[in-house]
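Reckoned from all heavy atoms, side chains included, excluding hydrogens, waters and symmetry mates. Note that the structure is a prediction, hence the values are computed from the model and not measured.
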Amino acid sequence: MSTLRIGLLSAMVLLTLPATVAASGDYTLPFHDPTVGLSYGVDRNQTAGVQLDWTGQTWYDTATHYGRVYDQHTGIDYPMGLSSQVAASRDGTVVDLEEGYGTTAFGQFGNFVRIGHANGVETIYYHLAYGGALVKVGDRVVAGQLVARSGCSGTCYGAHLHFEVRQATSSGWRMVDPMAERWWTTWPGRVPFLGAYVRESNAYTEVIKRGYTISHWVEFRNTGGRTWLRDLSTFRALLGTWAPSGRSSAFRAADWPSSTVATWLDAASVPPDQIGRFTFGLRAAVEPGSYSEAFNLRVDPVYWFDWARIGNFFVPIMVITNQLE
């Protein structure tokens, strides 16, 4: 069915480590843009002048090592433009925040959001924009939910997100390096939600007689870090109308959940790297002519996918006269 522009995506690769070492945790990268890279990771040896980076290499100096570490660094730095999207790395509860510093004003860590998770773990999102918190203390958040906008507040020399993970112990807080300890859901770590077009039942124009319904399906690969689900209210993967989003479709068929949602995911779940199919009807209730119906993936109610990255999915449709009319 479609004349799609296919933009196959791979998950974001920070740096390459042996593929035999798997991820084991439940955290994803704290943003949605897969082009964001790593500038500096955690210094796993907090002794001044001794740096242990996320790959296991030790540096006996105080120099900065781009892509690896700098001395006594307690988090992971991700360079990104001012007011970029910052997402929760895992389900949790907002326990503290600050958003009163200027977007590029000093004040140690500047603006931040701190989220508590299971097992005494907290994630902290530093250097946010003025008024950059999009949540409030006490809010429950889900992984991948937009929680803040990035900035350069605090001690900051260029806009970036400082992402920190720590775990409560009997003697205080333990600094965690989620890269070295494989706390990501995948290795390398990925953004929460990403998809790539694979194929569809008809990649050209669908020809439908006026008043008739045809069935169509499309498949996408889950290239993000979170599993897509069908039957839960959070992470339910759906195919919705696009351009604009939430547009009532003139081609809604009887199997659509609503006029703006063509279908849910066919399977019960689709883990990262697996392919999910979306099957839906198209009913020609309009005048004969040529049409184009645009659709986009959404993990409900958290995030619309980047339409360009999944291949600009649309269905060219030609409605023809029913000769029995």
Side-chain angles (χ1 to χ4, degrees), residues 1-9 193-224 226-271 273-325:
M1 103 186 146
S2 298
T3 328
L4 327 210
R5 287 159 220 116
I6 303 168
L8 253 183
L9 289 165
F193 308 117
L194 208 57
Y197 171 85
V198 178
R199 61 175 182 159
E200 57 191 303
S201 53
N202 177 8
Y204 301 96
T205 299
E206 288 284 18
V207 179
I208 313 173
K209 289 182 180 180
R210 186 182 180 201
Y212 282 69
T213 299
I214 59 98
S215 181
H216 195 89
W217 57 258
V218 59
E219 293 178 340
F220 297 96
R221 185 179 301 279
N222 180 356
T223 52
R226 292 280 161 195
T227 295
W228 301 346
L229 302 175
R230 172 184 171 85
D231 293 325
L232 299 182
S233 60
T234 302
F235 303 148
R236 170 179 276 174
L238 63 82
L239 191 69
T241 55
W242 195 248
S245 61
R247 168 184 51 82
S248 293
S249 174
F251 290 90
R252 176 185 182 180
D255 62 343
W256 286 37
S258 75
S259 63
T260 65
V261 176
T263 186
W264 312 119
L265 184 69
D266 288 6
S269 63
V270 177
D273 297 319
Q274 299 302 305
I275 293 173
R277 176 175 289 191
F278 298 79
T279 303
F280 56 101
L282 290 168
R283 184 173 187 276
V286 296
E287 294 297 318
S290 295
Y291 300 86
S292 181
E293 280 294 276
F295 298 93
N296 194 4
L297 292 179
R298 178 176 175 84
V299 171
D300 201 46
V302 181
Y303 185 69
W304 278 108
F305 284 58
D306 185 319
W307 193 57
R309 293 185 190 280
I310 67 169
N312 296 342
F313 180 68
F314 59 91
V315 184
I317 300 171
M318 179 176 291
V319 178
I320 61 174
T321 302
N322 179 0
Q323 297 301 318
L324 298 179
E325 290 183 346

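Taking both residues in full, the closest heavy atoms of I310 and F220 are given as O-CE2, 3.9 Å, listed atom of the first, atom of the second, then distance. Between A267 and V270, the closest heavy-atom pair is CB-CG2, 4.5 Å. Minimum interatomic distance between W256 and G281 (heavy atoms only, all atoms of both residues): NE1-O, 2.7 Å.
By the side chain to side chain donor-acceptor pair (under 3.5 Å) test, N296 pairs with no residue at all, sequence neighbours left out. For T227, there are no side chain to side chain donor-acceptor pair (under 3.5 Å) partners, not counting sequence neighbours. Residues satisfying the side chain to side chain donor-acceptor pair (under 3.5 Å) criterion with S269, sequence neighbours excluded, are absent altogether. Listed by chain and residue number, H32, Q85, F193 satisfy the side-chain contact (heavy atoms from CB on, under 4.5 Å) test with Y303 (two or more places apart in sequence, or in another chain). Residues passing the side chain to side chain donor-acceptor pair (under 3.5 Å) test with T279, sequence neighbours excluded: D266.
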Sequence neighbours left out, cut at 3.5 Å: what donor-acceptor pairs do the side chains of residues 284-291 make with other protein atoms?
from	atom 1	to	atom 2	distance (Å)
E287	OE2	R210	NH2	3.1
Y291	OH	E287	O	2.6

List the atom pairs, donor and acceptor, that lie under 3.5 Å between side-chain atoms in residues 242-251 and the rest of the protein, sequence neighbours left out.
from	atom 1	to	atom 2	distance (Å)
R247	NE	W242	O	3.2
R247	NH1	E293	OE1	3.3
R247	NH1	E293	OE2	3.3
R247	NH2	W242	O	3.0
R247	NH2	A294	O	3.3
S248	OG	S259	OG	3.2
S249	OG	F251	N	3.0
S249	OG	E293	OE1	2.5

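A ring-centre distance under 6.0 Å is not found for F295 and F278.
Annotation: the span from L282 atom CG to I208 atom CD1 amounts to 5.0 Å, rounded to 0.5 Å. Between atom CG of residue L238 and atom CZ of residue R298 there is a gap of 7.0 Å, rounded to the nearest 0.5 Å. Taken to the nearest 0.5 Å, the CG atom of L229 stands 12.0 Å off from the CG atom of D300. Between the CH2 atom in W307 and the CG atom in L297 there is a gap of 12.0 Å [rounded to 0.5 Å]. A distance of 9.5 Å separates CD1 in I317 from OG1 in T205, rounded to the nearest 0.5 Å.
With R221 contributing its side chain and I275 its backbone, the two residues share no donor-acceptor pair below 3.5 Å.
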Test log, rule side chain to side chain contact (heavy atoms under 4.5 Å, CB included), inputs I214 and E206: CA-CA 9 Å; I214 59 98; E206 288 284 18; 3.8 Å; yes
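Note on residues 233-244: no pairs pass salt bridge (charged side-chain N to carboxylate O under 4.0 Å, His left out), not counting sequence neighbours. Residue pairs that meet the salt bridge (charged side-chain N to carboxylate O under 4.0 Å, His left out) test with at least one member in residues 274-284, sequence neighbours left out, are E219-R277. Counting only residues at least two apart or on different chains, no salt bridge (charged side-chain N to carboxylate O under 4.0 Å, His left out) pair has a member in residues 248-264.
Screening W264, W217, F313 for a side-chain contact (heavy atoms from CB on, under 4.5 Å) involving L239 leaves a single residue, F313.
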